[in-house]
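First up is the structure itself, then whatever we jot down about it.
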Amino acid sequence: MAKIAIVYHSGYGHTAKQAAAVAAGVNEVVGASAQLVALDDIAAVPWADLDGADGIIFGAPTYMGGPSAKFKEFADASSKAWFTRAWQDKVAGGFTNSASLNGDKQGTLGALATLALQHGMIWVSLGLLPANSSKAQRNDVNRMGASYGAMAQSDSDVGPDVAPPAGDLETARLYGARVAATTLRFVRGKQ
């Protein structure tokens, strides 16, 4: 069984909804299981679970062009795992959400990927073509045109009961499944 931790911060609930979609995708892959780790209290982070996971998917809302301060607090606190190389060769991925269509989400995914690469992890891309034709709609998969990881957009005047849109959540689900399938390849290769 491939264990995949999904470590995320959600300021208003939208990124939590995206994290749940990622977890659903992981759990759909036979031989993989997801563990959601909400970053509400850094003192409560299950570091041993992260060290024991086969893969870690990072998630954070994009605030001011980068990951939220609460996620950055987690990233900084991961230095012990970095120093001991506890996450070396684990599979990694990332997702983000912001109110704007662009919202500089690329900066957040770049920060999440850099965190993973500093830990010696193996980053998995989104692997989906963008929905970028004149017929593309709000509920299409990868309407953000991402490659780094899963991106979502949630209108600032609605809560997580309405946003992110179904297409962005489907993108997150498909990404979770992709990371899980990739992780299984690595786990089986070690046996």
Side-chain angles (χ1 to χ4, degrees), residues 2-11 14-27 29 32 34-39 42 45 49-50 53-79 81-82 86-100 102-128 130 141-154 164 168-183 186:
K3 297 176 195 167
I4 300 168
I6 301 164
V7 181
Y8 70 95
H9 173 248
S10 184
H14 303 94
T15 308
K17 195 169 175 183
Q18 189 182 20
V22 170
V26 168
N27 288 329
V29 175
Q35 176 184 359
L36 286 166
V37 178
L39 297 176
I42 295 302
V45 171
D49 290 354
L50 300 183
D54 299 298
I56 303 173
I57 304 173
F58 303 113
T62 295
Y63 294 160
M64 304 307 293
S68 63
K70 183 62 84 171
F71 186 88
K72 183 67 170 93
E73 182 183 11
F74 160 78
D76 291 349
S78 76
S79 62
W82 170 83
W87 301 350
Q88 179 85 25
D89 296 330
K90 291 183 188 299
V91 174
F95 60 94
T96 190
N97 179 65
S98 71
S100 298
N102 179 325
D104 297 319
K105 287 186 264 294
Q106 191 80 4
T108 298
L109 289 178
L112 301 181
T114 299
L115 172 65
L117 297 176
Q118 286 188 344
H119 278 279
M121 301 172 83
I122 301 156
W123 188 264
V124 178
S125 69
L126 182 62
L128 297 170
V141 169
N142 198 17
R143 72 184 178 108
M144 299 286 114
S147 295
Y148 250 129
M151 291 182 181
Q153 181 265 328
S154 297
D168 293 353
L169 294 174
E170 178 64 5
T171 301
R173 186 192 67 75
L174 291 169
Y175 186 57
R178 176 173 166 81
V179 174
T182 302
T183 304
F186 280 92

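Atom set for the values below is all heavy atoms of this structure, side chains included, hydrogens, waters and symmetry mates excluded.
Listed here is the closest heavy atom pair of Ser68 and His9: OG-ND1, 2.8 Å. Counting all heavy atoms, side chain and backbone alike, Asp168 lies closest to Pro164 at CB-CB, 4.1 Å. For the pair Ala180 and Ala32, the tightest heavy-atom approach, listed with the atom from each and the gap, is CB-CB, 3.8 Å. Between Ala113 and Tyr148, the closest heavy-atom pair is CB-CE2, 3.8 Å. Shown here for Tyr175 and Gly93, the closest heavy-atom pair between the two residues is OH-CA, 3.1 Å. For Ser98 against Asn102, the heavy-atom pair with the smallest separation is OG-O, 3.9 Å.
Of the inter-residue distances, the one linking Ile56 atom CD1 with Thr183 atom OG1 reads 10.0 Å to the nearest 0.5 angstrom. For the atom pair Asp104 CG and Leu109 CG, the distance stands at 11.5 Å (nearest 0.5 Å). A distance of 12.0 Å separates CE of Met151 from CZ of Arg143, quoted to the nearest 0.5 Å. Taken to the nearest 0.5 Å, the OG1 atom of Thr171 stands 13.0 Å off from the CZ atom of Phe95. Note that the OH atom of Tyr8 and the CD1 atom of Ile57 stand 13.0 Å from one another [nearest 0.5 Å].
Side-chain contact between Met121 and Phe58 is present, with at least one heavy-atom pair separated by less than 4.5 Å. The closest side-chain heavy-atom distance from Leu39 to Val7 is below 4.5 Å. For the pair Phe186 and Asp89, the minimum side-chain heavy-atom distance is 4.5 Å or more. In this structure the side chain of Gln153 never reaches within 4.5 angstrom of the side chain of Ser100, judged on heavy atoms. Put simply, the side chain of Arg178 reaches to within 4.5 Å of the side chain of Ser125, judged on heavy atoms. Residues Thr15 and Pro61 meet the side-chain proximity criterion, which asks for heavy atoms closer than 4.5 Å.
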Test side-chain hydrogen bond (donor to acceptor under 3.5 Å, both in side chains) on Thr108 and Thr62; report intermediate values, then the result.
CA-CA 6 Å; Thr108 298; Thr62 295; 2.7 Å; yes
I would like to know whether Trp123 and Leu112 meet side-chain contact (heavy atoms from CB on, under 4.5 Å); could you show each step before the answer?
CA-CA 10 Å; Trp123 188 264; Leu112 301 181; 4.0 Å; yes
Report the C-alpha separation of Leu128 and Leu174 in whole Å, then their side-chain angles, then the decisive distance to 0.1 Å, and conclude whether the side-chain contact (heavy atoms from CB on, under 4.5 Å) test is met.
CA-CA 9 Å; Leu128 297 170; Leu174 291 169; 4.2 Å; yes
Passes side-chain hydrogen bond (donor to acceptor under 3.5 Å, both in side chains), Asn97 versus Ser154? Steps please.
CA-CA 7 Å; Asn97 179 65; Ser154 297; 3.1 Å; yes
Before giving the answer on side-chain contact (heavy atoms from CB on, under 4.5 Å), spell out for Lys17 and His14 the whole-Å C-alpha distance, their side-chain angles and the decisive distance to 0.1 Å.
CA-CA 5 Å; Lys17 195 169 175 183; His14 303 94; 5.8 Å; no
Using side-chain contact (heavy atoms from CB on, under 4.5 Å), reason through Gln118 and Trp87 one step at a time and then give a plain yes or no.
CA-CA 10 Å; Gln118 286 188 344; Trp87 301 350; over 6 Å; no
Carefully, step by step, assess Gln35 and Asp49 under the rule side-chain hydrogen bond (donor to acceptor under 3.5 Å, both in side chains).
CA-CA 9 Å; Gln35 176 184 359; Asp49 290 354; 2.8 Å; yes
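Thr96 and Lys105 form no side-chain donor-acceptor contact under 3.5 Å, judged by distance and modelled atom types alone.
Salt-bridge annotation for Lys90 and Asp54: absent, with no side-chain N of the basic residue lying under 4.0 Å from a carboxylate O of the acidic one.
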What donor-acceptor contacts under 3.5 angstrom involve side-chain atoms of residues 70-78, with partners at least two apart or in another chain?
{"residue": "Lys70", "atom": "NZ", "partner": "Asp40", "partner atom": "O", "Å": "3.4"}
{"residue": "Lys72", "atom": "NZ", "partner": "Asp76", "partner atom": "OD1", "Å": "2.6"}
{"residue": "Ser78", "atom": "OG", "partner": "Ala75", "partner atom": "O", "Å": "2.6"}
{"residue": "Ser78", "atom": "OG", "partner": "His119", "partner atom": "NE2", "Å": "2.9"}

